[in-house]
Asker: 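Just passing along the structure, written as structure tokens.
What's counted below: heavy atoms across the whole structure, side chains too, no hydrogens, waters or symmetry copies.
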Amino acid sequence: MKRRLLGVLVVVAVAVLAVSAGASLAGKNAESTTLTMWSYDNQDPGLQPVLEQLSRDFEKSHPGVKINLVFKSFNDLVGTVPRALASGNGPDVTEGNQGYQTDAQLVKAKLILPLTKYIKKYGWDKLYAPSTWGMFRWTPDGKSFGKGPVWGIAQTGQNVVAFINKKKLVAAGINPNKLPTTFAGFEKMLATLRASLPEDEPVIYAGNKEGYGFIHLFGGIWGASVKASAVRNWIYHVPGSRYDTPGTIKALARLQAWGKAGYFNDDYNAVGNDASAGEFAKGKGAMWIGGDWDSTIIKQGLGASNIVVTPIPPGPSGVWTSIGGLSGPWHISAKTKYPDLGAEWLNYVITSQRAKKLMFAQQQIPADRRAKPPAGDPYLAQVNKAFRQVADDDGLLLYTDWASPSMYTTLQNQFQLLLAGRQTPAGMAKAVQDDWAKFDKTLR
């Protein structure tokens with residue numbers, strides 16, 4: 001599951017069977033019809049089998065209703081969903097993608113419905129920490145991100161954390177049950193690991209081939225140096241927000257210093273991000289910092305009992321932070337004839353105990369903050385705790401590429417230059433802010 005700078009698009013095509021007037025949604029006298037949903041969550045382990053099973057359950061409790069799930073690739077979904085929704089023949093419910101490239105366009109074109117009445121009906125306001133809702137809010141003109149009505153709702157949580165090889169901690173004299181709780185302590189631990197490991201073995205096994213590895217990894221350093229709310233405000237284009245602040249420049253300098261200290265494998269730009277998780281799972285490096293959606297890869301390689309999972313600890317603010325957010329937002333088409341039924345399906349696949357049980361069984365972390373992992377799985381409990389520790393502390397930094405349509409490319413290039421020593425921290429901060437400012441002018 002590629003998450004994201006791009007933001008994972010989940011698409012589900014659901015054609016709702018025409019329910020005769022007066023027939024209840026539970027299926028009394030309902031005619032056979034199909035409700036179409038689009039999703040890009042076509043992974044196993046992942047959400048595809050979860051969505052398939054939950055849709056079968058929903059059909060059984062709603063006689064006469066058939067859920068037609070259509071799974072597409074991320075690019076196929078984002079590329080076709082605006083036209084499909086505009087045609088009136090598209091999905092009744094679909095996943096979109098947070099940010100200006102997709103969700104802003106769907107809102108602006110009035111292709112999806114605000115979820116205000118369903119939030120009240122189903123009590124969805126209790127699902128997420130207060131700041132988390134910003135990633136689903138847009139003003140109706142699609143220009144202001146982070147405020148206005150809520151247009152989407154997500155199924156799973158995702159964030160970037162550190163997976164650490166317990167045996168290598170012990171070999172370095174570090175107690176795996178008493179990891180640092182401050183960023184300064186975390187950096188001290190990195191230096192201790194560097195001194196303990198063979199010279200040709202990295203402390204952090206990294207993969208940046210696609211360009212998002214260091215965008216993700218940087219989040220913990222960044223959040224230790226600036227306020228999480230300031231990062232989110234910058235992504236949302238709150239007036240006066242800036243990337244080129246002293247705190248961000250300091251954080252970029254720390255990342256560059258990690259590279260100079262030999263913390264990373266030399267070939268990180270030739271290794272894919274998921275592939276680097278696989279190499280760490282084979283025992284390379286003491287640590288892998290990346291998305292918790294790759295937790296299964298690591299577990300299958302190292303074994304659950306040999307892994308410690310933690311967010312990068314906080315700086316002076318004391319707030320636990322990381323690059324992360326929630327999975328791609330589900331939207332209800334503005335042209336569907338059955339918005340209430342679509343909302344009922346969403347409520348079931350996101351909030352029901354059955355849904356949470358199936359998600360955990362697939363090593364997916366439910367976005368619902370009330371979800372509890374099953375007993376007897378300490379590894380999954382660690383992954384869940386790492387997400388909740390950040391999300392419930394209002395520390396999710398979101399995904400930096402959401403800040404502009406060209407931001408992903410800018411960040412990709414700048415991080416490569418920074419780590420290669422061909423760009424200064426201040427120079428990178430200026431280049432990123434220039435990209436932001438150029439796009440910001442189009443929103444005013």
Asker: Let me confirm one number: the CD-CD distance from Glu52 to Gln48, rounded to the nearest 0.5 Å.
Answerer: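 The distance works out to 4.5 Å.
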Asker: Mind checking the CD1-OG1 spacing from Ile350 to Thr156? Nearest 0.5 Å is all I need.
Answerer: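 The distance works out to 9.5 Å.
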Asker: Quick one: pull up NZ in Lys143 and OG1 in Thr442 and give me the separation to the nearest 0.5 Å.
Answerer: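 Output value for this atom pair is 8.0 Å.
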Asker: With a 3.5 Å distance limit and no angle check, can you tell me whether His237 reaches the backbone of Ala403 through a side-chain donor-acceptor pair?
Answerer: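 Side chain of His237 to backbone of Ala403, a donor-acceptor pair under 3.5 Å: yes, one is there.
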Asker: Between atom CG of Asn233 and atom CZ of Arg242, what is the distance when rounded to the nearest 0.5 Å?
Answerer: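 If we round to the nearest 0.5 Å, Asn233:CG and Arg242:CZ are 14.5 Å apart.
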Asker: Taking the side chain as every heavy atom from C-beta outward, state whether Asn97 and Phe74 have any atom pair closer than 4.5 Å.
Answerer: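 Side chain of Asn97 against side chain of Phe74, heavy atoms only: contact under 4.5 Å found.
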Asker: List the residues meeting salt bridge (Lys or Arg N to Asp or Glu O under 4.0 Å) with Arg137, not counting sequence neighbours, and say none if there are none.
Answerer: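 Listed in chain order: nothing, the list is empty.
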Asker: Taking all non-hydrogen atoms of both residues into account, name the closest pair between Pro374 and Leu380 and its distance.
Answerer: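 Looking at all heavy atoms of both residues, the closest pair is CD-CD2, 3.9 Å.
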Asker: Compare every heavy atom of Met135 with every heavy atom of Trp402, then report the nearest pair and how far apart it is.
Answerer: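 Nearest heavy atoms, Trp402 then Met135: CZ3-CB, 4.0 Å.
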Asker: Under the ring pair (Phe, Tyr, Trp, His ring centres under 6.0 Å) test, which residues partner Trp320, sequence neighbours left out?
Answerer: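 Per chain and number, Trp320 pairs via ring pair (Phe, Tyr, Trp, His ring centres under 6.0 Å) with no residue.
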Asker: Are Lys430 and Asp434 ion-paired here, with the side-chain N under 4.0 Å from a carboxylate O?
Answerer: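 Salt bridge: yes.
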Asker: If you round to the nearest 0.5 Å, how far is NZ of Lys72 from OG1 of Thr80?
Answerer: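 Those atoms lie 4.5 Å apart.
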Asker: Please check if the side chain of Asp292 supplies one atom and the backbone of Gln158 the other of a donor-acceptor pair under 3.5 Å.
Answerer: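 No; judged by distance alone, with no hydrogens or angles, the pair does not exist.
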Asker: Mind checking side chain to side chain donor-acceptor pair (under 3.5 Å) for Asn413 and listing every partner two or more places apart, or none if nothing turns up?
Answerer: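 Residues passing side chain to side chain donor-acceptor pair (under 3.5 Å) with Asn413: none at all.
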Asker: Under 3.5 Å, is there a donor-acceptor pair between the Gln53 and Asp57 side chains?
Answerer: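 Short answer, yes.
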Asker: What I want to check is whether the side chains of Thr409 and Ser406 have a donor and an acceptor closer together than 3.5 Å.
Answerer: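 On atom types as modelled, these side chains do not qualify, holding no pair under 3.5 Å.
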Asker: For Ile307, is there any backbone N or O sitting under 3.5 Å from a side-chain donor or acceptor partner on Gln382?
Answerer: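 Present.
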Asker: Partners of Tyr122 by ring pair (Phe, Tyr, Trp, His ring centres under 6.0 Å), sequence neighbours excluded?
Answerer: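 Listed in chain order: Trp124.
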Asker: For Trp345 and Ser55, work out which heavy atoms get closest and say how close.
Answerer: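 Of all heavy-atom pairs spanning Trp345 and Ser55, the closest is NE1-OG, 3.3 Å.
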Asker: Hey, is the main chain of Phe58 close enough, under 3.5 Å, to the side chain of Ser61 for a donor-acceptor pair?
Answerer: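 Yes, Ser61 side chain to Phe58 backbone: donor-acceptor pair under 3.5 Å.
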Asker: Test of understanding: with side chain to side chain donor-acceptor pair (under 3.5 Å), list the residues that count as partners of Trp133, not counting sequence neighbours.
Answerer: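 Side chain to side chain donor-acceptor pair (under 3.5 Å) list for Trp133, sorted by chain: empty.
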Asker: Tell me, please, which residues at least two apart from Tyr236 pass ring pair (Phe, Tyr, Trp, His ring centres under 6.0 Å).
Answerer: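 Tyr236 satisfies ring pair (Phe, Tyr, Trp, His ring centres under 6.0 Å) with Phe145 only.
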Asker: Give the ring-plane orientation class for Phe163 versus Trp288, where under 30° counts as parallel, over 60° as perpendicular and anything between as tilted.
Answerer: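 Because their plane-to-plane angle lies in the 30° to 60° range, the rings of Phe163 and Trp288 count as tilted.
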Asker: For the residue pair Ile112 and Val107, establish whether any side-chain heavy-atom pair is separated by less than 4.5 Å.
Answerer: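 Yes. Closest side-chain heavy atoms under 4.5 Å.
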Asker: Under 3.5 Å, side chain of Gln98 to main-chain N/O of Asp103, donor-acceptor pair present?
Answerer: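 Not a single qualifying donor-acceptor pair exists.
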Asker: Ignoring hydrogens and geometry, is there a side-chain-to-backbone donor-acceptor pair from Ser241 to Val238 under 3.5 Å?
Answerer: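 Between the backbone of Val238 and the side chain of Ser241 there is a qualifying donor-acceptor contact (under 3.5 Å).
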Asker: For the pair Val93 and Thr336, evaluate side chain to side chain contact (heavy atoms under 4.5 Å, CB included) and give the outcome as yes or no after the intermediate values.
Answerer: CA-CA 8 Å; Val93 177; Thr336 179; over 6 Å; no
Asker: What is the distance from atom CZ of Phe264 to atom CE of Met287, rounded to the nearest 0.5 Å?
Answerer: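 Output value for this atom pair is 10.0 Å.
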Asker: If we check ring-ring contact (aromatic ring centres under 6.0 Å, His included) with Trp222, which of these qualifies: Phe214, Phe183, Tyr243?
Answerer: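 Considering Phe214, Phe183, Tyr243, a ring-ring contact (aromatic ring centres under 6.0 Å, His included) with Trp222 is found only for Tyr243.
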Asker: Please confirm whether the backbone N or O of Leu396 pairs with a side-chain atom of Arg232, one donor and one acceptor, at under 3.5 Å?
Answerer: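 Yes; judged by distance alone, with no hydrogens or angles, the pair exists.
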Asker: Distance-only check: which donor-acceptor pairs under 3.5 Å involve side-chain atoms of residues 265-272, not counting sequence neighbours?
Answerer:
unit_1, atom_1, unit_2, atom_2, d
Asn265, OD1, Ala206, N, 2.7
Asn265, ND2, Ala206, O, 3.1
Asn265, ND2, Asp267, OD1, 2.9
Asn269, OD1, Asn208, ND2, 3.0

Asker: Check for a donor-acceptor pair, side chain of Gln362 on one end and backbone N or O of Leu47 on the other, with a separation under 3.5 Å.
Answerer: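 Not a single qualifying donor-acceptor pair exists.
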Asker: Provide the closest heavy-atom pair for Ala429 versus Ile249 in the form atom of the first, atom of the second, distance.
Answerer: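 Closest pair (atom of Ala429, atom of Ile249, distance): CB-CG1, 3.8 Å.
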Asker: Take Leu217 and Val160 through the side chain to side chain contact (heavy atoms under 4.5 Å, CB included) test and state the conclusion after the steps.
Answerer: CA-CA 7 Å; Leu217 190 152; Val160 173; 5.7 Å; no
Asker: Angle between ring planes, Tyr399 versus Trp293, binned at 30° and 60°: parallel, tilted or perpendicular?
Answerer: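 If you compare the ring of Tyr399 with that of Trp293, the planes turn out tilted.
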Asker: Check Lys110 against Ala334 and note the closest heavy-atom contact, atom names and distance.
Answerer: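 It is O-CB, 3.4 Å.
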Asker: Is the Tyr100 ring parallel, tilted or perpendicular to the Phe439 ring (thresholds 30°, 60°)?
Answerer: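 Answer is perpendicular, since the angle exceeds 60°.
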Asker: Who passes side chain to side chain donor-acceptor pair (under 3.5 Å) against Asn42, sequence neighbours left out?
Answerer: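 For Asn42 there are no side chain to side chain donor-acceptor pair (under 3.5 Å) partners, ignoring immediate neighbours.
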Asker: Going by atom type alone, with no hydrogens or angles, which donor-acceptor pairs under 3.5 Å involve a side-chain atom of residues 414-425 and a protein atom two or more places apart or on another chain?
Answerer:
unit_1, atom_1, unit_2, atom_2, d
Gln414, OE1, Gln423, NE2, 3.0
Thr424, OG1, Gly427, N, 2.8

Asker: Applying ring pair (Phe, Tyr, Trp, His ring centres under 6.0 Å), name anything that partners Tyr379, two or more places apart in sequence or on another chain.
Answerer: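 In terms of ring pair (Phe, Tyr, Trp, His ring centres under 6.0 Å), with neighbours along the sequence ignored, Tyr379 is linked to no residue.
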Asker: Regarding Lys282 and Glu279, does a basic nitrogen lie under 4.0 Å from an acidic carboxylate oxygen?
Answerer: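 Yes, this pair counts.
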Asker: Do Lys66 and Glu59 have side-chain heavy atoms sitting under 4.5 Å apart?
Answerer: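 Side-chain contact under 4.5 Å: yes.
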Asker: Is a side-chain N or O of Lys209 found less than 3.5 angstrom from the main chain of Asn273, in a donor-acceptor match?
Answerer: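 No; judged by distance alone, with no hydrogens or angles, the pair does not exist.
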Asker: Check whether any side-chain heavy atom of Thr400 lies under 4.5 Å from a side-chain heavy atom of Trp234, and answer yes or no.
Answerer: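 A side-chain contact under 4.5 Å exists here.
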Asker: Can you check side chain to side chain contact (heavy atoms under 4.5 Å, CB included) on Val50 and Asp41, steps first, answer last?
Answerer: CA-CA 10 Å; Val50 174; Asp41 277 331; over 6 Å; no
Asker: Is the Trp138-His331 ring centre distance short of 6.0 angstrom?
Answerer: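 No; His331 has its ring centre 6.0 Å or more from that of Trp138.
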Asker: Taking atom types as modelled and ignoring hydrogens, do the side chains of Asp141 and Thr139 form a donor-acceptor contact shorter than 3.5 angstrom?
Answerer: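 There is such a pair (donor and acceptor under 3.5 Å, judged by atom type) between the side chains of Asp141 and Thr139.
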Asker: Which atom names give the shortest non-hydrogen contact between Leu106 and Leu85, and what distance separates them?
Answerer: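 In this case the closest contact between Leu106 and Leu85 is CD2-CD1, 4.1 Å.
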Asker: List the residues meeting salt bridge (Lys or Arg N to Asp or Glu O under 4.0 Å) with Lys117, not counting sequence neighbours, and say none if there are none.
Answerer: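 For Lys117, the residues satisfying salt bridge (Lys or Arg N to Asp or Glu O under 4.0 Å) (neighbours in sequence not counted) are Asp340.
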Asker: For the pair Glu344 and His62, evaluate side chain to side chain contact (heavy atoms under 4.5 Å, CB included) and give the outcome as yes or no after the intermediate values.
Answerer: CA-CA 11 Å; Glu344 190 176 347; His62 294 70; 2.7 Å; yes
Asker: Quick one: list whatever passes side chain to side chain donor-acceptor pair (under 3.5 Å) with Gln105, sequence neighbours left out.
Answerer: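 By the side chain to side chain donor-acceptor pair (under 3.5 Å) rule, Gln105 matches no residue at all.
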Asker: Would a 4.5 Å heavy-atom cut-off, applied to side chains only, mark Gln155 and Leu54 as touching?
Answerer: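 Counting from C-beta outward, Gln155 and Leu54 do come under 4.5 Å.
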